[in-house]
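For reference, the structure is listed below as structure tokens.
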Amino acid sequence: MNARSVILTGGAGYIGSHIAVLLIEAGYEVVIIDDFSNSSPAVIDRIEKLSGIRPQLVEQDLSVPDCVDGVSAALAGRGYAGVIHLAGLKAVGESVAQPGRYYRVNLGTTLNLLSIMEKIKCNNIVFSSSATVYGELNPPPVDESGKIGPTNPYGFSKLFNEQILADYAAANQGFQVINLRYFNPVGAHPSGLIGEDPKGIPNNLFPYIAQVAVGRREALNVFGDDYDTVDGTGVRDYIHVMDLAEGHLAALKFALEDHGGGVACFNLGCGRGYSVLEVVNAFAAASGKEIPVKVVGRRAGDIAEIVADAAQAEKILGWKTQRDLNQMCIDHWHWQEQNPDGFA
Ligand code: UD1
């Protein structure tokens with residue numbers, strides 16, 4: 001049995017690929033389960049290039065109802081330290097338009113994964129949750145005991161997944177769940193070999209700005225400048241994807257210590273907010289490019305400000321962010337400049 005093996009669902013994606021590199025560098029054997037629905041097979045080559053070892057790949061949509069036996073068979077033959085579960089859909093607007101699909105995919109994937117974990121006798125899961133579970137009910141900064149209230153089906157799918165995992169832990173002694181509530185992941189690996197490559201028009205701020213800087217889009221639409229914030233634009237807690245990936249390793253390490261099972265929940269953020277215009281200025285300085293902006297109306301569902309209280313992760317996991325906004329912009333730009341068309 002090799003308890004240094006880790007299953008990484010969604011491991012070819014933006015966040016997953018960074019976690020894969022760090023896991024391999026830390027000496028884990030990594031098995032990625034991904035269907036490349038929002039990623040590229042080229043990512044696997046890049047992970048190998050960066051870490052020197054090619055992760056095993058199980059190409060599979062985990063939400064497919066009858067995938068459990070096949071995936072369990074593909075994973076059989078060794079022991080697993082744990083699962084890091086990232087696979088799922090994540091576009092807020094799309095989730096409002098297609099709620100059924102979001103619940104089917106995001107909940108179905110977790111339910112199948114739990115059946116697979118039962119078959120392969122793995123008791124530790126680190127789940128990719130989101131700060132979106134807090135909605136807009138809490139004055140910043142919000143800690144893990146903040147009021148819960150998602151505002152869209154994507155956010156509810158994260159919350160429901162947390163509930164499914166909590167119920168599962170309650171029913172299965174020794175089953176350990178760590179929910180990581182991400183704030184806004186940005187940036188890229190310092191090599192520029194892996195990074196965020198959204199399909200179509202980016203929904204999120206950093207990839208949109210990066211595509212303006214590289215000349216793929218004309219100007220950033222700033223969604224509202226009349227919020228009650230420092231300059232009227234939305235304020236978020238941006239976190240470098242390398243810090244976020246390190247947070248997963250810290251969470252896995254914690255899960256592997258014997259806590260007798262149960263659920264723990266951590267915010268992963270910097271604890272500091274930046275406005276849209278502050279990000280634009282920082283990115284312009286880091287890239288040396290002009291970022292034209294156009295103020296347009298508010299985006300439906302947006303909130304004024306959300307910032308993490310990440311003290312719990314520092315206290316319990318011994319983790320805190322190391323990289324500032326300038327580093328996020330430098331690394332995000334480095335990735336975009338070297339890969340103007342992403343992995344294409
Ligand atoms: C959203 C989701 C979050 C999800 C994250 C990553 C909510 C409330 N937020 O975060 O759950 O995990 O995406 O997928 O459900 N902005 C612009 N112009 C743009 C894009 C964004 O002005 O073209 C502004 C937004 O209004 C916001 C800030 O930039 O103030 C950040 O937006 P974005 O990057 O989309 O992240 P969130 O909405 O915070």
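Since this is a predicted model, take the numbers as computed values, not measurements. Numbering starts at 1 and runs along the sequence shown. First listed ligand is number 1; within each ligand, the first listed atom is number 1.
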| request: Ignoring hydrogens and angles, tell me if any N or O in the side chain of Thr321 forms a donor-acceptor pair with the backbone of Arg323 under 3.5 Å. | output: no
| message | Main chain of Ala311, side chain of Asp309: is a donor-acceptor contact present, judged purely on distance under 3.5 Å? | response | yes
With a 4.0 Å heavy-atom cut-off (strictly under), which part of [X] contacts ligand 1: side chain, backbone, both or neither?
X	answer
Val276	side chain
Arg299	side chain
Tyr238	side chain
Asn184	side chain
Asn152	side chain
Tyr182	neither

Please could you name the atoms of ligand 1 that [X] approaches to less than 4.0 Å, counting only its heavy atoms?
X	answer
Ser130	11 (O), 12 (O)
Asp302	25 (C), 26 (O), 38 (O)
Leu220	18 (N), 19 (C), 23 (O)
Lys90	14 (O)
Val222	22 (O)
Asn203	20 (C), 35 (O)
Asn221	17 (C), 18 (N), 19 (C), 22 (O), 23 (O)

What residue and atom, counting heavy atoms only, is the protein's closest point to [atom], and at what distance?
atom	value
atom 27 (C) of ligand 1	Arg236 NH2, 3.7 Å
atom 12 (O) of ligand 1	Tyr154 OH, 3.4 Å
atom 33 (P) of ligand 1	Asn204 ND2, 3.4 Å
atom 34 (O) of ligand 1	Leu205 N, 2.8 Å
atom 30 (O) of ligand 1	Gly234 CA, 3.5 Å
atom 15 (O) of ligand 1	Thr132 OG1, 3.0 Å

Is a salt bridge present between [X] and [Y], judged by a nitrogen-to-oxygen distance below 4.0 Å?
X	Y	result
Arg216	Glu337	no
Asp45	Arg54	yes
Arg298	Asp226	yes

Minimum heavy-atom distance [X]-[Y], with the two atoms named:
X	Y	value
Tyr182	Ser128	OH-CB, 3.1 Å
Ala251	Leu317	CA-CD2, 4.1 Å
Pro202	Tyr208	O-CD1, 3.5 Å
Ala313	Leu268	CB-CD2, 4.2 Å

| Arg236 charged N/C atom sitting above Tyr274 aromatic ring, 6.0 Å / 45° | no
| query | Checking Arg4 against Tyr28: charged group under 6.0 Å from the ring centre and within 45 degrees of the axis? | reply | yes
| message | Side chain or backbone, does Tyr208 bring an N or O within less than 3.5 Å of an N or O on ligand 1? | response |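 So ligand 1 has no N or O lying under 3.5 Å from an N or O of Tyr208.
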| message | Side chains of Gln336 and His332: any donor to acceptor distance under 3.5 Å? | response |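 Their side chains do not contain a donor-acceptor pair, so the 3.5 Å distance test is not met.
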| task | Dump the intermediate steps for side-chain contact (heavy atoms from CB on, under 4.5 Å) on Val96 and Tyr154, then the final yes or no. | result | CA-CA 8 Å; Val96 175; Tyr154 160 73; over 6 Å; no
| message | Minimum distance, heavy atoms only, to atom 9 (N) of ligand 1: which one of Thr229, Val280, Val92 is it? | response |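 Of the listed residues, Val92 has the closest heavy atom.
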| Hey, looking at atom 19 (C) of ligand 1, which of Phe223, Phe206, Tyr274, Tyr14 has the closest heavy atom? |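 Checking each option, the heavy atom nearest atom 19 (C) of ligand 1 is found in Phe223.
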